[in-house]
Amino acid sequence: MKVQFKEMFDKINAELDGIFKAMFGGGRASLSLEDPDDLLNTGIDIDVQPPGKMVKNIQTFSGGEKALIAISVLFAILKARTMPLCIFDEVEAALDQANVERFARYLSHFKDQSQFVVVTHRPGTMEQCDSLYGITMQQDGVSTVLKVMLKDAVHLTEGRE
């Protein structure tokens, strides 16, 4: 268990800095073990420095920055160990519009290896998806599922212009 944990930790840590730079437009990030001699009980620290910021404590980040840091770590985990299906439930809800779009574009890095189901209300994320599902309730108690293939929708709207 110790060997497997350390190998996976090192793989995730190797991916994190590049992903963090892509998500934040620069800076640096790394993971460190609180007690490297006790791998089965150690905590993990996330050391980050966004571009242009001096950080002493992760608690000083805004909610959006904390969310983007967590998303960066999650993407590093997915790079280190591919998952065939990932479900994200409003993981980008705390992000501003520019970071929502950056998050949504970064999902495409995994297009060939993973499928994502993203529950969201953010237009920037919806614009990057292949298929969009919506739920509508035109009558009380009767829900209808709508599916739109975005490439087809774009093609139809271009034909109307």
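From a predicted model like this one, the values you see are computed outputs, not experimental measurements.
- Of all heavy-atom pairs between L95 and N99, the closest is CD1-O, 3.8 Å.
- Here the CG-CG distance, from L31 to D45, works out to 9.0 Å after rounding to the nearest 0.5 Å.
- Between D35 and N41, the closest side-chain pair of non-hydrogen atoms is not below 4.5 Å.
- In this structure, the side chains of L40 and F5 stay at 4.5 Å or more apart for every pair of heavy atoms.
- Under the 3.5 Å distance criterion, the side-chain polar atoms of S114 are left unmatched by any main-chain donor or acceptor of P84.
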Check against side-chain contact (heavy atoms from CB on, under 4.5 Å), R81 and K11: CA-CA 9 Å; R81 182 162 188 212; K11 285 180 184 179; over 6 Å; no
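- Salt bridge present: K53 and E65 bring a charged side-chain N and a carboxylate O closer than 4.0 Å.
- Considering only heavy atoms from C-beta on, S30 comes within 4.5 Å of N13 through its side chain.
- What you find for L39 and K6 is that their closest heavy atoms are CD1-CB, 4.0 Å.
- Applying the 6.0 Å contact sphere to CD of E34 captures more than 12 heavy atoms from other residues, nucleotides or ligands.
- For D89, the CG atom counts as densely surrounded, since its 6.0 Å shell holds more than 12 non-hydrogen atoms of other residues, nucleotides or ligands.
- Electrostatic pairing of R28 and D47 does not count as a salt bridge here, judged by no charged N lying under 4.0 Å from a carboxylate O.
- Taking each heavy atom of A67 and A94 in turn, the nearest pair found is CB-CB, 4.2 Å.
- A donor-acceptor pair under 3.5 Å is formed between the side chain of S72 and the backbone N or O of L68.
- In this structure, NZ on K111 lies 8.5 Å from CD on Q128, to the nearest 0.5 angstrom.
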Passes side-chain contact (heavy atoms from CB on, under 4.5 Å), D17 versus K21? Steps please. CA-CA 6 Å; D17 191 58; K21 287 176 180 169; 2.9 Å; yes
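- Cluster membership for M83 and F9, using ILVMFWY side-chain heavy atoms within less than 4.5 angstrom, is shared.
- Put simply, the side chain of S108 gets close to the backbone of R105: a donor and an acceptor are under 3.5 Å apart.
- Ring pair F103/F75 is parallel by interplanar angle, where below 30° counts as parallel and above 60° as perpendicular.
- Considering every non-hydrogen atom in both G124 and E101, the closest pair reads CA-CG, 4.2 Å.
- Nearest approach of M8 to A80, heavy atoms of both residues: SD-CB, 3.8 Å.
- One N or O on the side chain of R122 and one on the backbone of A93 form a donor-acceptor pair closer than 3.5 Å.
- A 4.5 Å side-chain heavy-atom check between K79 and I19 finds at least one atom pair inside the cut-off.
- Other residues, nucleotides and ligands contribute over 12 non-hydrogen atoms within 6.0 Å of the CD atom of Q97.
- A single hydrophobic cluster is not seen to contain both V117 and V91; linkage of ILVMFWY side chains at heavy-atom distances under 4.5 Å, directly or through other members, places them apart.
- Both I44 and L16 sit in one connected hydrophobic cluster of ILVMFWY residues. Membership requires side-chain heavy atoms under 4.5 Å apart, directly or through other members.
- We find the CD-CZ distance between Q49 and F20 to be 8.5 Å, quoted to the nearest 0.5 Å.
- Side chains of Y106 and I71 form no contact here, defined as non-hydrogen atoms less than 4.5 Å apart.
- More than 12 heavy atoms of other residues, nucleotides or ligands lie within 6.0 Å of CE in M137, so this atom counts as buried by the packing criterion.
- The structure places OH of Y133 at 3.5 Å from NZ of K147, a figure rounded to the nearest 0.5 Å.
- Shown here for V48 and A29, the closest heavy-atom pair between the two residues is CG1-CB, 3.7 Å.
- Residues T144 and I135 form no side-chain contact, since every pair of their non-hydrogen atoms from C-beta on lies 4.5 Å or further apart.
- Contact annotation: the side chain of Q113 approaches that of F110 to within less than 4.5 Å [non-hydrogen atoms, C-beta and beyond].
- At least one side-chain heavy atom of M126 sits less than 4.5 Å from a side-chain heavy atom of T120.
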